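As the structure is a computational prediction, the values presented were derived from the model and not from experiment. To find a chain, count down the sequence lines: A is the first, B the second, and so on, and within it residues start at 1.
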There are 2 protein chains.
Amino acid sequence: MTPRTGTYAKGLAKRAEILAVGLEVVAENGCRRATVREIAARVGLTAAGVVHYFESREELFQEILAARDDRDREIFEDKQPRPIDGYLRLLEHNTRVRGLVQLYAEYSAEAAGWAEHPSRVFFQERFDQLRADLTAVVQAAQADGSIGRDFDVPAVVNLLIAAADGLQVQWMLDHRIDMSAHVDQLWRLLAPRTASE
Amino acid sequence: MTPRTGTYAKGLAKRAEILAVGLEVVAENGCRRATVREIAARVGLTAAGVVHYFESREELFQEILAARDDRDREIFEDKQPRPIDGYLRLLEHNTRVRGLVQLYAEYSAEAAGWAEHPSRVFFQERFDQLRADLTAVVQAAQADGSIGRDFDVPAVVNLLIAAADGLQVQWMLDHRIDMSAHVDQLWRLLAPRTASE
DNA sequence: GTCTATATCGTGATAGAC
DNA sequence: GTCTATCACGATATAGAC
């Protein structure tokens, strides 16, 4: 996003390597126990070397999540056959990137809970973006008649996000929880209440 | 729960004081930045003194949350007039105990994400208890006909929990989010799809 | 049973050498 | 652009005072 280094190939590659290894370390130890030193050691640098690429531990975590969001956009936009399917596919995909789920859950809770957290704004904007994307999904489904119109759309959008977030914690505690099936159940509750049932 | 000390009045009072002050410090700094030293200083002890009452920082956090759950039970059981109202009242009450919401969000995410976390089992059991309680609520509502029967009950129970948990993070980022109104919207989606609509 | 003093070790961050 | 050295601060373990 905001490269702190030049655009030399070597620096960019190192930066990408740190992002990948950082995620790896988080996945193994959790966000709280993931240390800059450990990441540095694996990438062949000292802690100070890592901080040269990322201002702080916090910024590193934030950028790992931002990179994930960029990659996920492709999955989200594949809304086949229903408008919600892109979102459900994303939740399914999450089961294959445990470390990211873990980082997201821990780090978003930390950032939200502290008024001066350096990543607080990042998450506020992320939620706003997600709300806009899901509002479009809900409105598309209302337009094609696959869901009803007798509910509060912004509330349902927030519920779709909250359900996914909350289910991630339940899933981490018990991998038998099927996150996308659960959100799909929520989606089906939105079915039109007129005829056709 | 498992008092590490005797039953002398002085020890019990100090223990209770540490729990209260611990929550206070968490509320100000977030769980991650809440230190045993800070809690100890405010309560007039050294860090080792605090550890005498609570084996570790983790155990202290867990006991703060367990104490909250005990107190909350009373609110949850007041299901007036609908079976879900006790749960909704709880979410409303949460807006008045920001520190607890913050601790719960951060600490549950941390515990869930790490397989060897000392509080992992605590949260697994807490979720199981909550599932049992909410299953009873859903079944009671189905019995009195206020909600439908054409959905997966365990899935909806998990959704009710996940929605509440996920909304807490959204609420911390933006206090205008009305958590109980959102979950009430989810509940209303469960209304029977036959006649009476 | 209650608590302090002390020591060890790990942490993120920084300054300045190379 | 990367290092070494160092800082201030954290959790925790032990020994023992009272």
Side-chain angles (χ1 to χ4, degrees), chain A residues 2-19 21-22 25-26 28-64 103 106-107 110-111 114 116-119, chain B residues 1-22 25-26 28-64 103 106-107 110-111 114 116-119:
Chain A
T2 315
R4 298 189 30 73
T5 71
T7 50
Y8 295 123
K10 186 183 169 191
L12 288 176
K14 204 66 178 174
R15 209 181 136 81
E17 188 188 351
I18 295 172
L19 279 177
V21 170
V25 173
V26 169
E28 287 170 29
N29 305 315
C31 154
R32 180 181 165 75
R33 302 171 58 92
T35 69
V36 174
R37 275 175 157 79
E38 170 75 12
I39 295 167
R42 292 201 199 184
V43 86
L45 288 181
T46 60
V50 168
V51 172
H52 171 71
Y53 289 95
F54 301 90
E55 190 86 5
S56 68
R57 190 170 168 278
E58 270 72 31
E59 190 170 320
L60 172 57
F61 289 158
Q62 179 180 316
E63 296 232 17
I64 291 173
L103 175 61
E106 276 189 65
Y107 194 59
E110 180 188 319
W114 182 33
E116 285 91 32
H117 195 286
S119 290
Chain B
M1 282 298 183
T2 314
R4 296 187 30 73
T5 71
T7 52
Y8 295 125
K10 184 185 171 190
L12 287 176
K14 204 68 179 171
R15 208 181 136 82
E17 188 188 352
I18 294 171
L19 279 176
V21 170
V25 173
V26 169
E28 286 172 28
N29 305 314
C31 156
R32 179 180 166 77
R33 301 171 60 91
T35 69
V36 173
R37 272 174 155 77
E38 170 75 12
I39 296 166
R42 291 199 199 186
V43 87
L45 290 180
T46 61
V50 169
V51 172
H52 170 72
Y53 290 95
F54 301 91
E55 190 85 9
S56 67
R57 191 171 166 277
E58 271 72 30
E59 191 170 318
L60 172 57
F61 289 158
Q62 179 180 314
E63 298 231 16
I64 291 173
L103 175 61
E106 274 190 68
Y107 194 57
E110 178 188 321
W114 183 33
E116 285 92 31
H117 195 286
S119 290

- Item | For B/Thr46, all residues meeting side chain to side chain contact (heavy atoms under 4.5 Å, CB included), sequence neighbours excluded | B/Ala48
- Item | Contacts of A/Tyr107 that satisfy ring pair (Phe, Tyr, Trp, His ring centres under 6.0 Å) - sequence neighbours left out | A/Phe61, A/His117, A/Phe123
- Message: Each nucleotide in nucleotides 4-18 of chain C should get exactly one letter: B, S or -. Can you fill that in based on protein heavy atoms under 4.0 Å?
- Response: BB-----BBSB----
Pairs of donor and acceptor atoms involving the side chains of residues 34-44 of chain A, under 3.5 Å and at least two apart or interchain, shall be tabulated with distances.
residue : atom : partner : partner atom : Å
A/Thr35 : OG1  : A/Glu38 : N            : 3.1
A/Glu38 : OE2  : A/Arg42 : NE           : 2.8
A/Glu38 : OE2  : A/Arg42 : NH2          : 2.9
A/Arg42 : NH1  : A/Glu24 : OE2          : 2.9
A/Arg42 : NH1  : A/Glu28 : OE2          : 3.2
A/Arg42 : NH2  : A/Glu28 : OE1          : 2.8

- Message: Can you measure B/Glu110 atom CD to D/dA11 atom C1' for me and round it to whole angstrom units?
- Response: 13 Å
- Rounded interatomic separation in angstrom, taking CG from B/Asn29 and P from D/dC9: 15 Å
- Query: Taking only residues two or more places apart in sequence or in another chain, which ones pass salt bridge (Lys or Arg N to Asp or Glu O under 4.0 Å) with B/Glu58?
  - Reply: none
- By salt bridge (Lys or Arg N to Asp or Glu O under 4.0 Å), which residues pair with A/Arg32, not counting sequence neighbours? B/Glu110
